[in-house]
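When a residue number appears, it is its place in the shown sequence, counting from 1.
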Amino acid sequence: MKVFPPRRLYRTGFFLSRRFCTTKAFPPRRLYHTGSLTCSPARHQILRRKSSQENLDRFIPNRSAMDFDYAHYMLTQSRKGKENPVASSPAKEAYRKLLADSLGMNRTRILAFRNKPPTPRDVVPSEWSSVQQAKPVKARRYIPQTSERTLDAPDIQDDYYLNLLDWGSSNVLAIALGNTVYLWDAADGNTSELVIVDDDVGPVTSVKWAPDGRHISVGLNNSEVQLWDSTSNKLLRTLRGCHQSRVGSMDWNNHILTTGGMDGQIVNNDVRIRAHIVETYSGHHQEVCGLKWSASGQQLASGGNDNLLHIWDRSVASVNSRSRWLHRLEDHTAAVKALAWCPFQGNLLASGGGGGDKCIKFWNTHTGACLNSVDTGSQVCALLWNQNERELLSSHGFTQNQLTLWKYPSMVKMAELTGHTSRVLFMAQSPDGCTVATAAGDETLRFWNVFGSPEVAAKATRKAVPEAFANVNRIR
């Protein structure tokens, strides 16, 4: 037995602290005896940690984690069955395997190198995970590359600044061909003539359905606007004195018909009263070719041949002078005709520039900030939002005369639809939001199922979340 010399002990253990300049007395260190080995508390803790089951090794077997009875059985008894096999029926063999599985005797490893890890706890309850797994994966929508129907549109004017196509809420499409306005009923496919104007007042320069889907406004080349009843084919009234030249753009806001003319004036007409002119907006220096009211009816967007885009607010215009716009946006470098308000965000407006600009721009109409600008490579003639998905459809001119479907807000091209041989000047959307009608200078009217089938759209339809204080622009 090896005898270790006694450990040298100090009579007093004083420690001088440099920080406090004081002396501290410590008690003498305790000694532990393990057999004949004397060790300190730190060494005792290290030995105890090494002998514990928490600190295991990948290559040295852990005796505490081994089943010695099973190991003895595997080394001695299991070979007997292999050396002297006994014939047994399939039923007995299946029973033996099932019993061995139940008793855990199908293990092949004898040595254990580390303890089994604890059973993991489910952070997410099982009922929640099952609900998430049951959520169906949204299938990718098929977009046909060709038009589903094509109609002739002879004598349609190849004029970028006009608006000759509109689809009403009663599912009737109106198109102006020369001096005649035709109505095409999408339900039965029948076509009828609404009006044929004389040469001294024509041709027809714009058409726009009222919200009721029954009444329609017809803008003329001689600056007059006619209101018609489509069910009885009767002329209700003629609005005069609004403009000095042709009326190329119109839009409705309930009972207010807003008209834009070549003279650069924008006029709000209350069709219920005799003195129909109630407001006039002056801001454009050339022809007004685009007019769109927001869904709330509070803001009006106007685009002109002077490359300007104006945002008008009814409350601001009524209090101040008639030329007081909310925002004057000068970023486009060509005529601004294509305008579209976003259906799921009330203050988001998309605008498209002509051949010298070729850009689609997105605006925050509350602040007047340009959110994004995309160069499309060709003249932007018209814009339409998908009513059920975050998508935007644009029609173009030279060189491809195509329709382009964009994913918003990434503005990734989802599809390009070709078929027209001239610039696609006019677009209109069906009441269910699925079908788009396009008219071009090639004198054809085409129908595209670009936004999905009506059944799928009906399931996906959701109302846009109204903005807080949508009708309030300033706190006075």
Side-chain angles (χ1 to χ4, degrees), residues 146-168 172-186 189-209 216-222 224-226 228 230 245-251 260-262 287-291 305 335 337-339 352 354-355 378-384 393-403 417-430 435-448:
T146 59
S147 59
E148 60 180 8
R149 182 186 297 234
T150 302
L151 301 177
D152 291 332
D155 300 327
I156 191 170
Q157 299 184 70
D158 189 4
D159 193 329
Y160 178 80
Y161 304 101
L162 305 184
N163 293 271
L164 306 178
L165 184 68
D166 194 33
W167 205 327
V172 177
L173 184 74
I175 184 171
L177 304 177
N179 292 353
T180 308
V181 177
Y182 292 93
L183 302 180
W184 180 79
D185 193 338
N190 292 330
T191 304
S192 60
E193 290 183 0
L194 176 67
V195 57
I196 301 177
V197 300
D198 297 333
D199 291 337
D200 56 342
V201 299
V204 178
T205 53
S206 57
V207 292
K208 191 66 180 180
W209 283 101
I216 186 173
S217 58
V218 179
L220 301 175
N221 192 56
N222 69 338
E224 295 180 354
V225 178
Q226 296 181 356
W228 286 79
S230 63
S245 55
R246 70 179 186 181
V247 181
S249 56
M250 297 185 294
D251 199 21
M262 184 180 277
E287 182 171 11
V288 179
C289 51
L291 282 176
N305 193 30
K337 175 194 174 186
L339 299 171
S378 58
Q379 181 185 48
V380 182
C381 303
L383 293 172
L384 285 177
L393 181 68
S394 58
S395 67
H396 299 271
F398 183 80
T399 59
Q400 295 184 8
N401 308 311
Q402 82 280 12
L403 304 179
L417 313 178
T418 57
H420 285 288
T421 58
S422 180
R423 55 182 180 173
V424 188
L425 295 174
F426 317 111
M427 281 202 306
Q429 193 171 12
S430 62
T435 306
V436 173
T438 59
D442 57 5
E443 297 187 344
T444 61
L445 176 64
R446 296 176 181 268
F447 297 86
W448 311 81

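Formation of a donor-acceptor pair under 3.5 Å by the S249 side chain with backbone atoms of L291 is not found in this model. Between the side chain of K337 and the backbone N or O of L425, at least one donor-acceptor pair lies under 3.5 Å. Side chain of T435 to backbone of S430: no donor-acceptor contact under 3.5 angstrom is found. Side chain of S395 to main chain of A382: a donor-acceptor pair is present (N/O by atom type, distance under 3.5 Å, no hydrogens or angles). Distance alone, capped at 3.5 Å, places no donor-acceptor pair between the D166 side chain and the V207 backbone. Judged purely by atom type and a 3.5 angstrom limit, N163 uses its side chain to pair as donor or acceptor with the backbone of C289. A donor-acceptor pair under 3.5 Å is formed between the side chain of S217 and the backbone N or O of K208. No donor-acceptor pair under 3.5 Å is formed between the side chain of D152 and the backbone N or O of P154. Remark: side-chain polar atoms of R446 are paired, donor with acceptor, to backbone N or O of G419 under 3.5 angstrom. S378 contributes no side-chain N or O that, together with a main-chain N or O of T399, makes up a donor-acceptor pair within less than 3.5 Å.
Between W209 and L183, the shortest heavy-atom contact is CZ2-CD2, 3.7 Å. Scanning all heavy atoms of the two residues, the minimum distance from G397 to C381 falls at N-SG, 4.1 Å. Of all non-hydrogen atoms in A437 and L165, the two that sit nearest each other are O-CD2, 3.6 Å. Nearest heavy-atom pair, A440 versus V424, reported as atom, atom and distance to 0.1 Å: CB-CA, 4.0 Å. Residues V380 and Y160 come closest through the heavy atom pair O-OH, 3.0 Å. The heavy-atom pair separating W448 from S147 by the smallest distance is CZ3-N, 3.4 Å.
Between W167 and W184, the ring planes lie perpendicular to each other; the angle is over 60°, past the 30° to 60° tilted range.
Between V197 and E224, every side-chain heavy-atom pair lies at or beyond the 4.5 Å cut-off. L445 places a side-chain heavy atom less than 4.5 Å from the side chain of L173. Residues R423 and D158 have side chains in contact (heavy-atom distance under 4.5 Å, counting atoms from C-beta outward).
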Check the pair M427, L403 against side-chain contact (heavy atoms from CB on, under 4.5 Å), reporting the backbone distance first and the verdict last.
-> CA-CA 10 Å; M427 281 202 306; L403 304 179; 4.0 Å; yes
For N222 and D200, what are the C-alpha separation, side-chain angles and deciding distance, and is it a side-chain contact (heavy atoms from CB on, under 4.5 Å)?
-> CA-CA 8 Å; N222 69 338; D200 56 342; over 6 Å; no
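No side-chain donor-acceptor contact under 3.5 Å links N401 and H420.
For the atom pair CG of L162 and CZ of F426, the computed distance is 6.0 Å after rounding to the nearest 0.5 Å. The distance from atom OG1 of T205 to atom CG of L220, rounded to the nearest 0.5 Å, is 6.0 Å.
The salt bridge (charged side-chain N to carboxylate O under 4.0 Å, His left out) search around D185 returns none, not counting sequence neighbours.
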Check: residues 175-182 side-chain donor-acceptor pairs under 3.5 Å, at least two apart:
unit_1 : atom_1 : unit_2 : atom_2 : d
N179   : ND2    : D199   : OD1    : 2.5

